[in-house]
Protein chains: 2
Amino acid sequence: MATVSRVVNHNHNVKPATEKKVMEVVKRLNYRPNDVARGLASKKTTTVGVIIPNVTNSYFAALARGIDDIAEMYQYNIILTNSDGDEQKEVKALNTLYSKQVDGIIFMGNELSPAVRDEFKAERIPVVLAGSVDPQNDFPNVNIDYRQAVSSQVDQLLNTGNQRVAFVAGRLNRAINQDFRLPGYQAALQSHQVPFDDQLLFEAANYDDGYELCDQLLAHQATAAMVSNDDAAAGIMNGMNDRGVQVPEQFEVATSDNTKITEMTRPTLSTITQPLYDVGAVAMRLLTKLMDNDEIEQRQVLLPFGMKQRGSTKGA
Amino acid sequence: MATVSRVVNHNHNVKPATEKKVMEVVKRLNYRPNDVARGLASKKTTTVGVIIPNVTNSYFAALARGIDDIAEMYQYNIILTNSDGDEQKEVKALNTLYSKQVDGIIFMGNELSPAVRDEFKAERIPVVLAGSVDPQNDFPNVNIDYRQAVSSQVDQLLNTGNQRVAFVAGRLNRAINQDFRLPGYQAALQSHQVPFDDQLLFEAANYDDGYELCDQLLAHQATAAMVSNDDAAAGIMNGMNDRGVQVPEQFEVATSDNTKITEMTRPTLSTITQPLYDVGAVAMRLLTKLMDNDEIEQRQVLLPFGMKQRGSTKGA
DNA sequence: ATGAAAGCGCTAACAA
DNA sequence: TTGTTAGCGCTTTCAT
């Protein structure tokens, strides 16, 4: 029994001859270790929980792919749960993940609600936030510098003379927007001495939201929009063109994620570029270290970002 | 011990008074049952394995969302594994899922290779194919009638006078293409007495593939394309327009999945419409029945499909 | 309606 | 290097 366990787990204290013998029997009996029993005995499930707002969203899907690839590399499996960014669902999902004894958690969401934060703190299993900020910096996370990125992108919009640049996010009151993107937007305005007007703040979480939003954008005399979600940006751009407002001549739109969608639209979308796959991959790698109790050099990693000016803006 | 188990599992043979008492202690001690131990003892993990080619693909992502929602509804969790449609990875993934003692499996992929088929047959746990055909009809599956759908869509292309309609799929030799879509394409040609030309068969699995493919399409005098993947279709359409070939005036393109992408492009993409979310949802529902040993009315379900003629084709 | 006890299939000391 | 023995934290008969 124990020797078989040693062989199966590649423990080195086994005589090559017996190992051979065991392997043969394993093959012959088509023996496959029961990971559940293993998990109970060893207190490790080699499974990590992943909370994602929505797999259908290309931004999060890209991160998820990075997460899964690295998980696979380190022999972990992923339990994926869609939360819709809803606090209730997040808490519920976490509870079942904890019951399932996952070894770690990757959390994606636009904000860490107090309830979720409490769940994390109540357990001692490691958590890493992927593409999700933590203003209180309680948990390891991997992101880009959203403040700086938005600031640079809005700066471009201001350079082409726009005086009324709208800021569009999924939910304005989410930490990632309130504490990072919005300040970046405001900083850019300030450096161009353009007054801040909260009438120019809008919410749109997906393509249809964006498409519908155009009327309001126009009603408030916006001539450009900095959007935090590629789907919504595509909706705004198409919505404008369909309403006879030419992009970029009469209205410029810039977005944030550089998902494939930004290349599919016509005109193509100018965007912040970020290493989506890597955000997920690095987060998972970080989690493996945490689960192994390895030394962590950085709990908070900021990956490099860039800018891509394409057809939806007038800038070069 | 046993009584606590009964309470936690909502077994009815418990006196209300003791139930109350147990519940209180559960609350006070913040007791949370260990699902791993539960799984070992009961031989049920309330976890199902999901094999997906790539979460990043909007077609499969949509199915995955349907799967997860229904899983949640029936108290199951999902272990998601990306396979890239690669047989090796599929087999490997299945083995780890079996080790983890999943209660069932949802398989997505363009084909059931013999190796995968053997894995399924070697285990007695239920499998349902979602958006994935099984020509041998060995396993329960949910799909649409791809043959009929492609035939109808190609028929539209032929109606507008195209004599050289290309057929573009991710991998031509996959069962879903070889046994369903291609025959549908050929049937349409035949009914219009247009000769079949295998020079008009092409492969493109994603946006970039499609974009690149344009040169070949043009070289072979194709004037329209029936594409089996929305991403590739978007690539072809943009590629054509970028090369100065106007869609739909000089080249028509029709696609297959009606993902959001078909609305984002300009012109918008004409497409077969299928209930993506439902394909996943119904598959998962079917799996829950199988796992419960319920009676199954249909092992093979075909969901209704439709047609949406938009801007990328000349038809009404 | 409740408790006692066996055991699910492993890992992890501990001996030998 | 190998075997023995406890558990891991539950569910599930079987008594009571």
Side-chain angles (χ1 to χ4, degrees), chain A residues 1-47 49 74-77 79 95-104 122-125 291-293, chain B residues 1-47 49 74-77 79 95-104 122-125 291-293:
Chain A
M1 182 79 258
T3 300
V4 173
S5 178
R6 289 186 192 100
V7 172
V8 170
N9 292 309
H10 304 101
N11 183 314
H12 286 302
N13 296 71
V14 179
K15 185 159 50 167
T18 46
E19 175 169 351
K20 200 108 296 175
K21 210 179 339 179
V22 171
M23 294 294 260
E24 271 166 26
V25 181
V26 162
K27 198 102 290 171
R28 186 156 55 74
L29 266 39
N30 224 289
Y31 169 78
R32 174 186 286 144
N34 179 328
D35 278 350
V36 173
R38 240 212 271 244
L40 184 59
S42 68
K43 301 184 167 312
K44 285 188 178 311
T45 55
T46 64
T47 301
Y74 287 89
Q75 322 249 52
Y76 283 94
N77 283 104
I79 295 186
N95 277 295
T96 95
L97 290 174
Y98 289 139
S99 289
K100 294 228 159 141
Q101 314 297 122
V102 295
D103 295 336
E123 301 288 322
R124 80 276 148 242
I125 79 162
M291 293 186 297
D292 287 348
N293 291 310
Chain B
M1 183 77 260
T3 301
V4 172
S5 178
R6 288 186 192 101
V7 172
V8 169
N9 293 307
H10 305 102
N11 183 313
H12 287 302
N13 295 72
V14 180
K15 186 161 48 168
T18 46
E19 175 169 350
K20 199 109 298 177
K21 211 181 335 180
V22 170
M23 293 294 258
E24 272 165 27
V25 181
V26 162
K27 197 103 290 172
R28 187 158 53 75
L29 267 40
N30 225 289
Y31 169 78
R32 175 186 284 144
N34 179 328
D35 278 351
V36 174
R38 239 212 271 245
L40 184 59
S42 68
K43 301 183 169 311
K44 286 190 179 311
T45 55
T46 63
T47 301
Y74 287 88
Q75 323 247 52
Y76 283 95
N77 283 104
I79 294 185
N95 276 294
T96 95
L97 290 173
Y98 288 139
S99 289
K100 294 228 159 139
Q101 315 296 125
V102 295
D103 295 337
E123 302 287 321
R124 81 276 149 242
I125 80 162
M291 294 186 296
D292 287 348
N293 292 309

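Chain A is the first sequence line, chain B the second, and so forth, proteins listed ahead of strands; every chain is numbered from 1. Owing to the predicted nature of the structure, the values given are computational and were not obtained by experimental measurement.
- Residues from residues 31-42 of chain A lying near DNA chain D, meaning a heavy-atom separation below 4.0 Å, are Leu40(A), Ala41(A) in numerical order.
- Rounded to the nearest 0.5 angstrom, Ser5(A) OG and Asn11(A) CG are separated by 8.0 Å.
- From Ile125(B), atom CD1 reaches atom CG of Leu97(B) across 8.0 Å, with rounding to the nearest 0.5 Å.
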- Given side-chain contact (heavy atoms from CB on, under 4.5 Å), test Val22(A) with Glu19(A) step by step and report yes or no. CA-CA 5 Å; Val22(A) 171; Glu19(A) 175 169 351; 5.8 Å; no
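- Here Lys20(B) pairs with Glu24(B) under the side chain to side chain contact (heavy atoms under 4.5 Å, CB included) rule; sequence neighbours left out.
- In this structure, Lys21(A) has no side chain to side chain contact (heavy atoms under 4.5 Å, CB included) partners at least two apart in sequence or on a different chain.
- If you check the side chains of Lys100(A) and Thr47(B), you find a donor sitting under 3.5 Å from an acceptor.
- No side-chain heavy atom of Met291(A) sits under 4.5 Å from any side-chain heavy atom of Tyr74(A).
- As rounded to whole Å, 13 Å separates atom P of dG7(C) from atom NZ of Lys43(B).
- Note on residues 30-42 of chain B: pairs passing side-chain hydrogen bond (donor to acceptor under 3.5 Å, both in side chains), not counting sequence neighbours, are Asn95(A)-Arg32(B), Glu123(A)-Arg32(B), Asn9(B)-Arg38(B), Asp35(B)-Arg38(B).
- Counting all heavy atoms, side chain and backbone alike, Arg6(B) lies closest to Val14(B) at CB-CG2, 3.6 Å.
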N/O to N/O distances under 3.5 Å, protein versus nucleotides 1-3 of chain C:
| from | atom 1 | to | atom 2 | distance (Å) |
| --- | --- | --- | --- | --- |
| dT2(C) | OP1 | Thr18(B) | OG1 | 2.9 |
| dT2(C) | OP2 | Lys15(B) | N | 2.7 |
| dT2(C) | OP2 | Thr18(B) | OG1 | 2.9 |
| dG3(C) | OP2 | Thr3(B) | OG1 | 3.1 |
| dG3(C) | O6 | Arg6(B) | NH2 | 2.6 |

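- First and last contacting nucleotides of DNA chain D toward chain A (any atom under 4.0 angstrom from a heavy atom, 5' to 3' order): dT1(D) to dG9(D).
- How far OG1 of Thr46(B) is from CD of Gln75(B): 8.5 Å, rounded to the nearest 0.5 Å.
- Closest heavy-atom contact between Val36(B) and Leu40(A): CG1-N, 3.5 Å.
- The C1' atoms of five pairs define one axis at each end of the helix from dA1(C)-dT16(D) to dA16(C)-dT1(D), and these two axes lie 30° apart (to 10°).
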